[in-house]
Amino acid sequence: MSIEAILKQDIQKAIQQRFDISAEDIILQPTKKEFEGFYTFVTFPLAKSTRKAPAEIGQIIGNYLKNNSLVVDNFNVVQGFLNINLKDSTWLNLFDQILSDTAFGTFPANGQSVMVEFSSPNTNKPLHLGHLRNNFLGDSLSKILEAGGYDVVKTCLVNDRGIHICKSMLAYRELGNGETPESSGIKGDHLAGKYYVKFDIEYKSQIRELVAQGMPEDEASKKAPWMLEAQQLLLSWENGDPETVALWQKMNSWVYEGFSETYNKIGVGFDKTYYESNTYLLGKDIIEEGIEKNVFYRKSDNSVWIDLAEEGLDEKLVLRGDGTSVYITQDLGTTELKNNDYHNNRYLWVVGNEQDYHFKVLFAILKRLGRQYAEGCYHISYGMVDLPSGKMKSREGTVVDADDLISQMIQTASDRTQELGKIDDFESKEANQLYNQLALGALKYFLLKVDPKKRMLFNPEESIDFQGHTGPFIQYTYARIRSIMRKAEQSGIEGKLPSANYEVHKAEKELIFMLSQYPARVLSAAGDFAPSVISLYAFELAKVYNQFYAEVSIFSDPDPEAVQFRVALSKVVSETIRKALGLLGIEVPERM
RNA sequence: GGUUUCGUAGCUCAAUUGGAUAGAGCACCUGACUACGGAUCAGGAGGUUUGGGGUUCGAAUCCCUACGAGACCA
């Protein structure tokens, strides 16, 4: 049993014996820094049932613990807060438990399988900052859920067809002059994006022309020649016109090559990729089924609808009058397909909060249709990334391109490292690897430290910071410990637990306490789908270690037991940092 | 217009889900045994948690309201 569980049980006994009340869940919180102790029990809730003052209750329970609990050393009471200190032997015990747990922080398989869909790019433009938040979240969550005991399937649904793709195809056909990634030296996804922008420029000028001729603007935007042509191209594609399909395949293959380069660079991958071009026709049979079951109904124009007023939602179109799909139709079909393919217990979608309503509708429909798997469906809704100038808009060219950003970060990592001159003996390959680790560490940490649900601001100047609350700060702490480990090995010092009468230093207790929290944080991150929980933990652990490091001397302590103990502590901290950052998709360097 | 999310130090974010004197980082000041890695550590300053009501032992957190920002549905 864990120390914390023992402590809770002892408190429960205290309440039972002293007040004759059976307390259900005992909740302990970490004691605030300005007070003495490590665990705090709040006694206010017991005031009513015991008819005693909170401070008195604290005294009574505290005294009981001091006399009867095997783990408690002493206590103090401030108002209704009972602050508890553990015995030195208990601290050593706690550390021993951590030390001997080879799978510390990872949980055995829980028999649950979960599918995480994320990334889901469009093939008409390269990835930008918003995609990075999505990718990092999805990737990190998959790792966290795995550590939490789930069997995880990572999937990606590529939006590879539709009017937007046809726009870049059209612009390329008209203005491309046979340009290729090879001939132009432009990365494939950026090349496609270039023509998407060209379409928009030409299209807008066509609208202006029509408006100048006296046509109202909304009509002009529908009747501009290139818009009509793009729609024509979409029809040709749907009819399988060989020329159109060939162009589509050619451009998409460029994009995929570009994407895979970026995915490799950021270390993200998938177990299964679905393509919308294969799934966009799915869902229509489900519409038929829904009509038969009277879940859906037809309107006079032949369109099909569902009324979700009972769920507090609106009336929602599920199939157009001309029989063509809308987004929700495809999603119904794709979800059914996923379930047929994998039969998972849970289906998660990492998608921006702009689609909150869409997913509410999707899940509500699945429930109405009686799909069992609907219970396991969940939208991991995350906030948009804003810039100091406001929202990113691709049409206004204010997007932060993912590839550009990564290159900039690598450059900064390289400059900063060379300035410090600590790795002058590195081969250039080693050095480049380090710059990559630092650049991605900084970027991933920056995007993952914020609660996913909240929208966040991306300030380019702050994000490239390598000091303070950043990925490189934590990486630095790791590298520093590795340096200590090398020294310990050289001098033949082995890390081990001291004898039972060892007097545990305050800084050592702080470290053990932080370490002991790790497994609970993993579970909490998995439960809340929040990598930020792990991010903050890694930072706190690194900070506590740096305080420890400044406060005590590891190698020059006269007591050899202290030296060995601190080496052991340092080692576990480094491993825990490596694991925690690993859950964020961040690598750790031996030196930096 | 309807629905919905949010508003915390100058800036970016926390606050163990209703608990103590609301905490970190950046930026700004002051300091750190000639030191096991200074990409670090210690300290200072910085707050009416958007305003106003309410609920209770106790509110940044829950309810109402005003203002401000975002998103979605047409």
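Hydrogens, waters and symmetry mates play no part in the numbers below; they use all other heavy atoms, side chains included. Lettering of chains follows the sequences in order, A, B, ..., and the numbering in each one begins at 1. In this text the structure is predicted, and so the values were computed from the model without any measurement.
Of the residues near RNA chain B, A:A479 and A:M456, the one whose nearest nucleotide (by heavy atom distance) lies more toward the 5' end is A:M456.
Within the 4.0 angstrom heavy-atom criterion, only backbone atoms of the sugar-phosphate kind lie near A:D451; the bases stay farther away. Within the 4.0 angstrom heavy-atom criterion, no nucleotide atom of any strand lies near A:K453. Among the atoms of the strands shown, only primed sugar atoms or phosphate atoms (P, OP1, OP2) are found under 4.0 Å from some heavy atom of A:F539. Here A:F473 lies in heavy-atom contact (under 4.0 Å) with sugar-phosphate atoms only. When heavy atoms are screened at a 4.0 angstrom cut-off, A:D356 is found touching no nucleic acid atom at all. At a threshold of 4.0 angstrom between heavy atoms, the contacts of A:V552 include nucleobase atoms, whether or not backbone atoms are also involved. Within 4.0 Å of A:L420, counting heavy atoms only, lies at least one base atom of the nucleic acid. Residue contacts for A:V42: at a heavy-atom cut-off of 4.0 Å it reaches a base atom on one of the strands shown. Across all strands, A:S532 comes closer than 4.0 Å to no nucleic acid atom at all (heavy-atom distances). Here A:I554 lies in heavy-atom contact (under 4.0 Å) with a base. Nucleic acid contact for A:T417: base, since at least one base atom lies under 4.0 Å from a heavy atom of the residue. At the heavy-atom level, A:Q418 lies nowhere under 4.0 Å from the strands shown. Across all strands, A:P45 comes closer than 4.0 Å to base atoms (heavy-atom distances).
Heavy-atom contacts from other residues, nucleotides or ligands closer than 6.0 Å to CD of A:E217 number 12 or fewer. Heavy-atom neighbours of A:K66 NZ from other residues, nucleotides or ligands within 6.0 Å: at or below the threshold of 12. Environment of CD in A:E34: crowded, with over 12 heavy atoms of neighbouring residues, nucleotides or ligands closer than 6.0 Å.
In this entry B:A71 has B:U3 as its Watson-Crick or G-U wobble partner, both defining distances falling under 3.5 Å. Partner assigned to B:U12 is B:A24, using Watson-Crick or G-U wobble distances below 3.5 angstrom. B:A45 makes up no base pair with any nucleotide shown, lacking Watson-Crick or G-U wobble contacts both under 3.5 Å. In a base pair of the Watson-Crick type (N1 to N3 plus N6-O4 or O6-N4) or a G-U wobble (N1-O2 and O6-N3), with each distance short of 3.5 Å, B:C57 is matched with B:G19. Nucleotide B:U50 forms a pair with B:A66, judged by Watson-Crick or G-U wobble geometry with both contacts under 3.5 Å. Nucleotide B:A39 has no partner under the Watson-Crick or G-U criteria, as no pair reaches both atom distances under 3.5 Å. Under the Watson-Crick or G-U wobble criterion, with both distances below 3.5 Å, B:U34 is left unpaired in every strand shown.
A gap of 37 Å separates the C1' atoms of B:A27 and B:C72, to the nearest Å. Comparing B:G44 with B:G19, their C1' atoms are spaced 29 Å from each other, to the whole Å. Nucleotides B:C73 and B:U12 have their C1' atoms positioned 33 Å apart, rounded to a whole Å.
Cation-pi geometry between A:R480 and A:Y549 is met: the NZ or CZ atom falls under 6.0 Å from the ring centre, inside 45° of the normal.
Within the 4.5 Å cutoff, the side chain of A:W91 has no heavy atoms near those of the A:Y502 side chain. When side chains are defined from C-beta on, A:N546 counts as touching A:F473, because their heavy atoms get closer than 4.5 Å.
By the rule that a glycosidic angle within 90° of 0 means syn, B:U5 does not qualify and counts as anti.
Exactly one residue among A:N74, A:N85, A:T31, A:N83 makes a side-chain hydrogen bond (donor to acceptor under 3.5 Å, both in side chains) with A:E36. That residue is A:N85.
Every side-chain contact (heavy atoms from CB on, under 4.5 Å) that A:R18 has, sequence neighbours left out, goes to A:I60, A:Y64, A:N68.
Not less than 6.0 angstrom separates the ring centroid of A:Y297 from the ring centroid of A:W305.
Nucleotides of RNA chain B lying under 4.0 Å from heavy atoms of chain A occupy a range whose first and last members, 5' to 3', are B:C11 to B:C73.
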